[in-house]
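What follows is a single structure, written as C-alpha coordinates, with notes after it.
Just so it is clear, the structure is predicted and the values come from calculations on it, not from any experiment. Residue numbers start from 1 in every chain, and the chains themselves are labelled A, B, ... in the order their sequence lines are given, proteins ahead of strands.
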Protein chains: 2
Amino acid sequence: MPRRVDHDERRRHLTAALLRIASTRGLQAVSMREVAAEAGVSLRVVQYYFTDKRTLMESGIAELAARLDRRVRERAGALGTGLPPRTVLEVVLGAILPTDEDSRADQLAWTAYYAAGLTAPAEAVDGRYAPDALERWLTGVLARAVEAGDVPADIDPRIEVVGLLALTNGLVSSVLGRQRDVDDALRVVRYRLDRLFGPTAD
Amino acid sequence: MPRRVDHDERRRHLTAALLRIASTRGLQAVSMREVAAEAGVSLRVVQYYFTDKRTLMESGIAELAARLDRRVRERAGALGTGLPPRTVLEVVLGAILPTDEDSRADQLAWTAYYAAGLTAPAEAVDGRYAPDALERWLTGVLARAVEAGDVPADIDPRIEVVGLLALTNGLVSSVLGRQRDVDDALRVVRYRLDRLFGPTAD
DNA sequence: GGGATCGGGATACAGTCGTACCACAGGAAT
DNA sequence: ATTCCTGTGGTACGACTGTATCCCGATCCC
(Lines give C-alpha, C1' and ligand atoms only; values in the text may rest on other atoms or scores of the structure.)
Protein backbone atom coordinates (compact mmCIF):
# COMPACT_ATOMS: atom_id res chain seq x y z
CA MET A 1 0.00 0.00 0.00
CA PRO A 2 0.98 3.61 -0.44
CA ARG A 3 4.21 4.22 1.26
CA ARG A 4 4.88 7.84 2.00
CA VAL A 5 1.59 9.43 3.01
CA ASP A 6 0.54 13.05 3.31
CA HIS A 7 -0.24 13.27 6.99
CA ASP A 8 -1.90 16.65 6.80
CA GLU A 9 -4.20 15.56 4.05
CA ARG A 10 -5.08 12.43 6.03
CA ARG A 11 -5.80 14.45 9.11
CA ARG A 12 -8.00 16.90 7.23
CA HIS A 13 -10.00 14.00 5.85
CA LEU A 14 -10.52 12.56 9.31
CA THR A 15 -11.31 15.93 10.82
CA ALA A 16 -13.94 16.51 8.15
CA ALA A 17 -15.50 13.17 9.02
CA LEU A 18 -15.51 14.15 12.68
CA LEU A 19 -17.27 17.42 11.96
CA ARG A 20 -19.80 15.67 9.76
CA ILE A 21 -20.75 13.47 12.69
CA ALA A 22 -20.73 16.32 15.18
CA SER A 23 -23.03 18.46 13.07
CA THR A 24 -25.53 15.74 12.32
CA ARG A 25 -25.58 13.47 15.34
CA GLY A 26 -23.95 15.65 17.96
CA LEU A 27 -20.69 15.64 19.80
CA GLN A 28 -21.62 12.71 22.01
CA ALA A 29 -21.94 10.57 18.89
CA VAL A 30 -18.31 11.22 18.06
CA SER A 31 -16.18 8.23 18.95
CA MET A 32 -12.94 7.12 17.40
CA ARG A 33 -14.72 4.18 15.82
CA GLU A 34 -17.47 6.37 14.41
CA VAL A 35 -14.99 8.77 12.91
CA ALA A 36 -13.14 5.84 11.39
CA ALA A 37 -16.33 4.45 9.90
CA GLU A 38 -17.43 7.84 8.58
CA ALA A 39 -14.04 8.36 6.96
CA GLY A 40 -13.98 4.81 5.61
CA VAL A 41 -10.84 3.73 7.42
CA SER A 42 -10.04 1.45 10.30
CA LEU A 43 -9.94 2.47 13.92
CA ARG A 44 -6.20 2.06 13.93
CA VAL A 45 -5.77 4.81 11.35
CA VAL A 46 -7.61 7.32 13.50
CA GLN A 47 -5.44 6.29 16.40
CA TYR A 48 -2.37 6.66 14.27
CA TYR A 49 -2.98 10.21 13.06
CA PHE A 50 -4.52 11.44 16.29
CA THR A 51 -2.98 9.60 19.19
CA ASP A 52 -5.62 10.81 21.61
CA LYS A 53 -9.31 11.47 21.45
CA ARG A 54 -8.49 14.82 22.96
CA THR A 55 -6.16 15.53 20.05
CA LEU A 56 -8.85 14.52 17.62
CA MET A 57 -11.41 16.80 19.23
CA GLU A 58 -8.98 19.70 19.29
CA SER A 59 -8.37 19.25 15.62
CA GLY A 60 -12.12 19.49 15.12
CA ILE A 61 -12.53 22.79 16.87
CA ALA A 62 -9.44 24.23 15.24
CA GLU A 63 -10.80 23.41 11.80
CA LEU A 64 -14.15 24.84 12.79
CA ALA A 65 -12.64 28.08 13.99
CA ALA A 66 -10.67 28.34 10.78
CA ARG A 67 -13.78 27.78 8.69
CA LEU A 68 -15.89 30.36 10.49
CA ASP A 69 -13.08 32.85 10.42
CA ARG A 70 -12.50 32.22 6.74
CA ARG A 71 -16.16 32.71 5.94
CA VAL A 72 -16.22 36.14 7.52
CA ARG A 73 -12.87 37.12 6.08
CA GLU A 74 -13.75 35.99 2.57
CA ARG A 75 -16.98 37.88 2.33
CA ALA A 76 -15.47 40.98 3.81
CA GLY A 77 -12.43 40.74 1.57
CA ALA A 78 -14.44 40.11 -1.57
CA LEU A 79 -15.82 43.58 -1.28
CA GLY A 80 -12.51 45.38 -1.08
CA THR A 81 -11.93 48.32 1.20
CA GLY A 82 -13.52 51.69 1.33
CA LEU A 83 -17.06 50.32 1.58
CA PRO A 84 -19.63 52.25 3.56
CA PRO A 85 -19.60 51.12 7.20
CA ARG A 86 -23.21 50.08 7.00
CA THR A 87 -22.35 47.64 4.21
CA VAL A 88 -19.37 46.25 6.08
CA LEU A 89 -21.51 45.56 9.12
CA GLU A 90 -24.27 43.95 7.11
CA VAL A 91 -21.88 41.71 5.22
CA VAL A 92 -19.91 40.63 8.25
CA LEU A 93 -22.93 39.95 10.43
CA GLY A 94 -24.60 38.21 7.51
CA ALA A 95 -21.55 36.00 7.14
CA ILE A 96 -22.07 34.72 10.67
CA LEU A 97 -25.62 33.57 10.06
CA PRO A 98 -26.02 30.03 8.72
CA THR A 99 -27.20 30.83 5.22
CA ASP A 100 -26.43 27.54 3.47
CA GLU A 101 -26.20 23.92 4.48
CA ASP A 102 -22.45 24.07 4.98
CA SER A 103 -22.46 27.04 7.29
CA ARG A 104 -25.44 25.60 9.11
CA ALA A 105 -23.53 22.38 9.72
CA ASP A 106 -20.51 24.29 10.92
CA GLN A 107 -22.55 26.44 13.24
CA LEU A 108 -24.22 23.34 14.65
CA ALA A 109 -20.86 21.77 15.36
CA TRP A 110 -19.58 25.05 16.75
CA THR A 111 -22.54 25.30 19.11
CA ALA A 112 -21.94 21.74 20.28
CA TYR A 113 -18.31 22.51 21.00
CA TYR A 114 -19.20 25.75 22.72
CA ALA A 115 -21.72 24.08 24.97
CA ALA A 116 -19.27 21.31 25.79
CA GLY A 117 -16.60 23.88 26.62
CA LEU A 118 -18.90 25.63 29.08
CA THR A 119 -18.89 22.64 31.40
CA ALA A 120 -15.35 21.45 30.77
CA PRO A 121 -13.25 24.56 31.34
CA ALA A 122 -10.06 22.69 30.59
CA GLU A 123 -10.90 22.19 26.95
CA ALA A 124 -12.78 25.43 26.56
CA VAL A 125 -13.22 27.17 23.26
CA ASP A 126 -11.10 29.99 24.62
CA GLY A 127 -9.81 32.61 22.31
CA ARG A 128 -9.48 30.31 19.33
CA TYR A 129 -12.04 32.04 17.20
CA ALA A 130 -11.11 35.35 18.77
CA PRO A 131 -14.42 37.15 18.53
CA ASP A 132 -12.62 39.97 20.30
CA ALA A 133 -10.71 40.69 17.13
CA LEU A 134 -13.98 40.91 15.23
CA GLU A 135 -15.40 43.11 17.93
CA ARG A 136 -12.48 45.48 17.76
CA TRP A 137 -12.53 45.66 14.02
CA LEU A 138 -16.22 46.45 13.81
CA THR A 139 -15.93 48.97 16.62
CA GLY A 140 -13.32 50.77 14.56
CA VAL A 141 -15.56 50.71 11.52
CA LEU A 142 -18.45 52.14 13.48
CA ALA A 143 -16.28 54.77 15.14
CA ARG A 144 -15.27 55.99 11.72
CA ALA A 145 -18.92 56.11 10.74
CA VAL A 146 -19.52 58.39 13.69
CA GLU A 147 -16.75 60.72 12.60
CA ALA A 148 -18.15 60.74 9.08
CA GLY A 149 -21.56 61.68 10.43
CA ASP A 150 -23.22 58.55 9.01
CA VAL A 151 -24.54 57.76 12.42
CA PRO A 152 -25.81 59.75 15.42
CA ALA A 153 -22.89 61.30 17.26
CA ASP A 154 -24.09 60.22 20.69
CA ILE A 155 -23.90 56.49 20.14
CA ASP A 156 -21.32 54.28 21.83
CA PRO A 157 -19.63 52.35 19.02
CA ARG A 158 -18.26 49.71 21.36
CA ILE A 159 -21.57 48.90 22.99
CA GLU A 160 -23.40 49.08 19.67
CA VAL A 161 -21.03 46.48 18.23
CA VAL A 162 -21.21 44.24 21.26
CA GLY A 163 -24.97 44.43 20.95
CA LEU A 164 -24.92 43.66 17.25
CA LEU A 165 -22.69 40.64 17.74
CA ALA A 166 -24.78 39.33 20.62
CA LEU A 167 -27.91 39.90 18.54
CA THR A 168 -26.40 37.95 15.67
CA ASN A 169 -25.35 35.11 17.93
CA GLY A 170 -28.81 34.95 19.41
CA LEU A 171 -30.29 34.83 15.92
CA VAL A 172 -27.88 32.08 14.90
CA SER A 173 -29.09 30.04 17.83
CA SER A 174 -32.73 30.51 16.93
CA VAL A 175 -32.07 29.73 13.28
CA LEU A 176 -30.30 26.52 14.25
CA GLY A 177 -33.27 25.60 16.42
CA ARG A 178 -35.57 26.28 13.47
CA GLN A 179 -37.60 28.78 15.45
CA ARG A 180 -36.77 31.25 12.71
CA ASP A 181 -35.43 30.98 9.19
CA VAL A 182 -32.38 32.77 7.87
CA ASP A 183 -34.34 35.39 5.99
CA ASP A 184 -36.15 36.46 9.12
CA ALA A 185 -32.86 36.66 10.93
CA LEU A 186 -31.37 38.78 8.18
CA ARG A 187 -34.39 41.03 8.31
CA VAL A 188 -33.85 41.61 12.02
CA VAL A 189 -30.20 42.49 11.47
CA ARG A 190 -31.02 44.87 8.63
CA TYR A 191 -33.75 46.47 10.68
CA ARG A 192 -31.28 47.18 13.47
CA LEU A 193 -28.79 48.63 11.04
CA ASP A 194 -31.51 50.75 9.46
CA ARG A 195 -32.37 52.24 12.82
CA LEU A 196 -28.72 52.80 13.58
CA PHE A 197 -27.81 54.44 10.29
CA GLY A 198 -31.03 56.39 9.95
CA PRO A 199 -33.38 56.33 6.97
CA THR A 200 -32.01 53.86 4.47
CA ALA A 201 -30.50 55.60 1.51
CA ASP A 202 -30.69 52.31 -0.31
CA MET B 1 -37.73 1.95 56.58
CA PRO B 2 -40.21 4.60 55.56
CA ARG B 3 -43.20 2.98 54.08
CA ARG B 4 -45.35 5.28 52.06
CA VAL B 5 -43.09 7.64 50.16
CA ASP B 6 -43.82 10.90 48.39
CA HIS B 7 -42.93 10.04 44.83
CA ASP B 8 -43.04 13.60 43.57
CA GLU B 9 -40.73 14.76 46.29
CA ARG B 10 -38.36 11.90 45.52
CA ARG B 11 -38.39 12.72 41.86
CA ARG B 12 -37.72 16.39 42.49
CA HIS B 13 -34.74 15.43 44.61
CA LEU B 14 -33.33 13.24 41.86
CA THR B 15 -34.04 15.79 39.16
CA ALA B 16 -32.21 18.42 41.18
CA ALA B 17 -29.23 16.09 41.42
CA LEU B 18 -29.35 15.57 37.67
CA LEU B 19 -29.36 19.29 37.01
CA ARG B 20 -26.51 19.82 39.44
CA ILE B 21 -24.40 17.40 37.41
CA ALA B 22 -25.51 18.81 34.08
CA SER B 23 -24.64 22.36 35.06
CA THR B 24 -21.24 21.55 36.50
CA ARG B 25 -19.93 18.64 34.50
CA GLY B 26 -22.13 18.72 31.44
CA LEU B 27 -24.85 16.56 30.03
CA GLN B 28 -22.48 13.81 28.94
CA ALA B 29 -21.50 13.33 32.59
CA VAL B 30 -25.08 12.50 33.46
CA SER B 31 -25.51 8.78 33.93
CA MET B 32 -27.99 6.96 36.08
CA ARG B 33 -25.23 5.95 38.44
CA GLU B 34 -23.90 9.50 38.70
CA VAL B 35 -27.34 10.87 39.46
CA ALA B 36 -27.77 8.21 42.10
CA ALA B 37 -24.44 9.07 43.68
CA GLU B 38 -25.12 12.80 43.57
CA ALA B 39 -28.49 12.26 45.21
CA GLY B 40 -27.04 9.84 47.75
CA VAL B 41 -29.16 6.90 46.76
CA SER B 42 -28.61 3.61 45.00
CA LEU B 43 -28.85 3.06 41.29
CA ARG B 44 -32.01 1.06 41.81
CA VAL B 45 -33.82 4.06 43.25
CA VAL B 46 -33.16 6.13 40.15
CA GLN B 47 -34.39 3.23 38.08
CA TYR B 48 -37.44 2.94 40.28
CA TYR B 49 -38.61 6.54 40.03
CA PHE B 50 -37.56 7.05 36.42
CA THR B 51 -37.82 3.82 34.53
CA ASP B 52 -35.81 5.10 31.58
CA LYS B 53 -32.87 7.37 31.11
CA ARG B 54 -35.02 9.19 28.58
CA THR B 55 -37.64 9.77 31.26
CA LEU B 56 -35.00 11.05 33.61
CA MET B 57 -33.65 13.48 31.05
CA GLU B 58 -37.11 14.71 30.18
CA SER B 59 -37.76 15.39 33.81
CA GLY B 60 -34.60 17.48 33.83
CA ILE B 61 -35.59 19.73 30.99
CA ALA B 62 -39.13 20.06 32.27
CA GLU B 63 -37.85 21.25 35.63
CA LEU B 64 -35.44 23.60 33.89
CA ALA B 65 -38.16 25.11 31.75
CA ALA B 66 -40.31 25.57 34.83
CA ARG B 67 -37.49 27.29 36.68
CA LEU B 68 -36.64 29.71 33.91
CA ASP B 69 -40.28 30.47 33.35
CA ARG B 70 -40.82 31.00 37.06
CA ARG B 71 -37.87 33.36 37.28
CA VAL B 72 -39.25 35.62 34.59
CA ARG B 73 -42.79 35.40 35.89
CA GLU B 74 -41.80 36.12 39.49
CA ARG B 75 -39.83 39.22 38.74
CA ALA B 76 -42.46 40.55 36.41
CA GLY B 77 -45.22 39.73 38.84
CA ALA B 78 -43.43 41.26 41.82
CA LEU B 79 -43.78 44.61 40.16
CA GLY B 80 -47.50 44.50 39.65
CA THR B 81 -49.17 45.82 36.55
CA GLY B 82 -49.28 49.27 35.09
CA LEU B 83 -45.52 49.68 35.07
CA PRO B 84 -43.96 51.73 32.30
CA PRO B 85 -43.15 49.51 29.30
CA ARG B 86 -39.49 50.37 29.52
CA THR B 87 -39.38 48.97 33.07
CA VAL B 88 -41.22 45.82 32.08
CA LEU B 89 -38.74 45.15 29.29
CA GLU B 90 -35.76 45.82 31.49
CA VAL B 91 -37.00 43.58 34.26
CA VAL B 92 -37.98 40.72 32.00
CA LEU B 93 -34.81 40.76 29.93
CA GLY B 94 -32.79 41.15 33.12
CA ALA B 95 -34.51 38.08 34.53
CA ILE B 96 -33.16 36.02 31.64
CA LEU B 97 -29.55 36.93 32.29
CA PRO B 98 -27.69 34.69 34.74
CA THR B 99 -27.33 37.13 37.61
CA ASP B 100 -26.64 34.73 40.48
CA GLU B 101 -25.10 31.30 40.84
CA ASP B 102 -28.44 29.53 40.66
CA SER B 103 -29.59 31.13 37.46
CA ARG B 104 -26.14 30.67 35.99
CA ALA B 105 -26.30 26.96 36.75
CA ASP B 106 -29.75 26.72 35.23
CA GLN B 107 -28.72 28.57 32.10
CA LEU B 108 -25.71 26.31 31.76
CA ALA B 109 -27.90 23.24 31.95
CA TRP B 110 -30.40 24.84 29.62
CA THR B 111 -27.70 25.54 27.07
CA ALA B 112 -26.50 21.96 27.29
CA TYR B 113 -30.00 20.66 26.69
CA TYR B 114 -30.54 23.10 23.85
CA ALA B 115 -27.33 22.09 22.11
CA ALA B 116 -28.18 18.42 22.54
CA GLY B 117 -31.63 19.01 21.11
CA LEU B 118 -30.19 20.61 17.99
CA THR B 119 -28.62 17.35 16.90
CA ALA B 120 -31.26 14.98 18.23
CA PRO B 121 -34.50 16.34 16.79
CA ALA B 122 -36.51 13.62 18.45
CA GLU B 123 -35.89 14.90 21.94
CA ALA B 124 -35.71 18.55 20.99
CA VAL B 125 -36.43 21.33 23.39
CA ASP B 126 -39.45 22.18 21.32
CA GLY B 127 -42.00 24.55 22.65
CA ARG B 128 -41.51 23.58 26.26
CA TYR B 129 -40.22 26.91 27.39
CA ALA B 130 -42.43 28.65 24.88
CA PRO B 131 -40.36 31.71 24.16
CA ASP B 132 -43.08 32.57 21.67
CA ALA B 133 -45.38 33.42 24.54
CA LEU B 134 -42.77 35.75 25.95
CA GLU B 135 -42.26 37.25 22.52
CA ARG B 136 -45.95 37.90 22.09
CA TRP B 137 -46.33 39.40 25.51
CA LEU B 138 -43.44 41.81 25.12
CA THR B 139 -44.59 42.74 21.63
CA GLY B 140 -47.91 43.75 23.14
CA VAL B 141 -46.15 45.78 25.80
CA LEU B 142 -44.09 47.59 23.21
CA ALA B 143 -47.06 48.16 20.93
CA ARG B 144 -48.82 49.90 23.79
CA ALA B 145 -45.73 52.01 24.32
CA VAL B 146 -45.98 53.10 20.71
CA GLU B 147 -49.58 54.14 21.17
CA ALA B 148 -48.67 56.01 24.30
CA GLY B 149 -45.98 57.85 22.41
CA ASP B 150 -43.18 56.59 24.69
CA VAL B 151 -41.35 55.33 21.67
CA PRO B 152 -40.88 56.46 18.06
CA ALA B 153 -43.99 55.76 16.05
CA ASP B 154 -42.15 54.22 13.14
CA ILE B 155 -40.67 51.26 14.98
CA ASP B 156 -41.80 47.69 14.42
CA PRO B 157 -42.66 46.33 17.86
CA ARG B 158 -42.46 42.74 16.74
CA ILE B 159 -39.01 43.01 15.22
CA GLU B 160 -37.77 45.15 18.06
CA VAL B 161 -38.80 42.47 20.53
CA VAL B 162 -37.34 39.64 18.49
CA GLY B 163 -34.13 41.62 18.37
CA LEU B 164 -34.16 42.29 22.09
CA LEU B 165 -34.70 38.62 22.91
CA ALA B 166 -31.99 37.50 20.50
CA LEU B 167 -29.67 40.13 21.95
CA THR B 168 -30.36 38.87 25.44
CA ASN B 169 -29.81 35.26 24.44
CA GLY B 170 -26.54 36.19 22.82
CA LEU B 171 -25.49 38.01 25.96
CA VAL B 172 -26.44 35.02 28.11
CA SER B 173 -24.19 32.88 25.99
CA SER B 174 -21.25 35.23 26.34
CA VAL B 175 -21.80 35.60 30.07
CA LEU B 176 -21.82 31.83 30.48
CA GLY B 177 -18.58 31.67 28.52
CA ARG B 178 -17.12 34.32 30.80
CA GLN B 179 -16.28 36.58 27.89
CA ARG B 180 -18.38 39.16 29.66
CA ASP B 181 -19.76 39.60 33.15
CA VAL B 182 -23.38 40.13 34.00
CA ASP B 183 -23.02 43.84 34.67
CA ASP B 184 -21.63 44.41 31.20
CA ALA B 185 -24.48 42.44 29.73
CA LEU B 186 -27.02 44.46 31.69
CA ARG B 187 -25.36 47.63 30.48
CA VAL B 188 -25.78 46.54 26.89
CA VAL B 189 -29.46 45.78 27.42
CA ARG B 190 -30.07 49.11 29.16
CA TYR B 191 -28.20 50.93 26.44
CA ARG B 192 -30.48 49.40 23.80
CA LEU B 193 -33.55 50.31 25.80
CA ASP B 194 -32.25 53.85 26.27
CA ARG B 195 -31.85 54.24 22.53
CA LEU B 196 -35.29 52.78 21.96
CA PHE B 197 -37.13 54.87 24.53
CA GLY B 198 -35.20 58.02 23.87
CA PRO B 199 -33.33 60.07 26.48
CA THR B 200 -33.60 58.30 29.80
CA ALA B 201 -35.95 60.08 32.12
CA ASP B 202 -34.39 58.10 34.92
C1' DG C 1 -52.12 -13.12 61.07
C1' DG C 2 -51.32 -13.82 56.13
C1' DG C 3 -50.79 -12.26 51.66
C1' DA C 4 -49.99 -8.60 48.67
C1' DT C 5 -47.73 -4.71 47.51
C1' DC C 6 -44.31 -1.04 47.89
C1' DG C 7 -39.55 0.61 48.23
C1' DG C 8 -35.03 -0.47 47.45
C1' DG C 9 -30.26 -3.34 47.82
C1' DA C 10 -27.28 -6.14 45.01
C1' DT C 11 -25.76 -8.00 41.07
C1' DA C 12 -25.58 -9.46 36.26
C1' DC C 13 -25.47 -8.71 31.23
C1' DA C 14 -24.53 -7.08 26.83
C1' DG C 15 -22.78 -3.29 24.54
C1' DT C 16 -19.62 0.67 23.72
C1' DC C 17 -15.88 3.42 24.86
C1' DG C 18 -10.69 4.90 24.75
C1' DT C 19 -6.47 2.84 24.64
C1' DA C 20 -2.77 -0.59 24.07
C1' DC C 21 -0.50 -4.08 21.80
C1' DC C 22 0.98 -7.40 18.31
C1' DA C 23 1.80 -8.55 13.70
C1' DC C 24 3.07 -7.48 9.20
C1' DA C 25 3.42 -5.45 4.41
C1' DG C 26 6.34 -2.84 1.77
C1' DG C 27 9.21 1.00 0.26
C1' DA C 28 13.87 3.43 2.16
C1' DA C 29 18.37 3.32 3.55
C1' DT C 30 22.64 0.95 3.77
C1' DA D 1 20.11 -8.11 0.18
C1' DT D 2 19.46 -7.06 4.66
C1' DT D 3 17.75 -3.91 7.92
C1' DC D 4 14.78 -0.32 9.46
C1' DC D 5 10.98 2.43 9.66
C1' DT D 6 6.25 3.84 8.31
C1' DG D 7 1.47 2.83 7.83
C1' DT D 8 -2.27 -0.27 8.93
C1' DG D 9 -5.15 -4.49 10.14
C1' DG D 10 -6.77 -7.02 14.01
C1' DT D 11 -7.72 -7.77 18.55
C1' DA D 12 -7.78 -7.49 23.47
C1' DC D 13 -8.50 -5.07 27.96
C1' DG D 14 -10.62 -2.60 31.54
C1' DA D 15 -13.91 0.86 32.49
C1' DC D 16 -18.35 2.49 31.99
C1' DT D 17 -23.02 2.53 30.18
C1' DG D 18 -28.41 1.45 30.32
C1' DT D 19 -31.25 -2.10 31.54
C1' DA D 20 -33.02 -6.37 33.68
C1' DT D 21 -33.47 -9.58 37.39
C1' DC D 22 -33.58 -11.48 41.87
C1' DC D 23 -34.20 -10.75 46.41
C1' DC D 24 -36.00 -9.11 50.90
C1' DG D 25 -37.73 -6.00 54.73
C1' DA D 26 -41.60 -3.40 55.88
C1' DT D 27 -46.20 -1.89 55.84
C1' DC D 28 -51.11 -2.12 54.36
C1' DC D 29 -55.52 -4.66 53.48
C1' DC D 30 -58.58 -8.16 54.97
Practice item. Go through B:K53 and B:E58 one step at a time and tell me if the salt bridge (Lys or Arg N to Asp or Glu O under 4.0 Å) criterion holds. Key: CA-CA 9 Å; B:K53 182 175 187 188; B:E58 282 172 1; over 6 Å; no

Review point. Who are the side chain to side chain donor-acceptor pair (under 3.5 Å) partners of B:E38, not counting sequence neighbours?
Key: B:R20

Check your understanding: To the nearest Å, how far apart are A:L14 CG and D:dG7 P?
Key -> 13 Å

Check your understanding: How close do A:L186 and A:G94 get, heavy atom to heavy atom, and via which atoms?
Key -> CD2-CA, 4.3 Å

Point to revise | DNA chain C contacts among residues 37-51 of chain A, heavy-atom distance under 4.0 Å | key: A:L43, A:R44, A:Q47

Practice item. Using heavy atoms to find the nearest nucleotide of DNA chain C for A:A29 and B:D6 separately, return the residue whose nucleotide is more 5′. Key: B:D6

Study note, to complete from the structure: note: B:E34, atom CD; D:dC16, atom P; distance rounded to Å ~ 9 Å

Check your understanding: Should B:E63 and B:R12 count as an ion pair when the cut-off is N to O under 4.0 Å?
Key -> no

Point to revise | Test salt bridge (charged side-chain N to carboxylate O under 4.0 Å, His left out) applied to A:D106 - qualifying residues, sequence neighbours left out | key: A:R67, A:R71

Check your understanding: Under 4.0 Å between a side-chain N/O of B:H7 and OP1 or OP2 of C:dC6, yes or no?
Key -> no

Point to revise | Nearest-Å distance for atom pair CE/P, residues B:M32 and C:dG8 | key: 15 Å

Exercise for review: Whole angstrom is fine here: how far is it from CD in B:Q28 over to P in D:dA15?
Suggested key: 21 Å

Practice item. Using whole Å, report how far NZ of B:K53 lies from C1' of D:dC16. Key: 11 Å

Study note, to complete from the structure: For B:A29 and B:I21, the nearest pair of non-hydrogen atoms, with its separation, is O-CG2, 3.8 Å

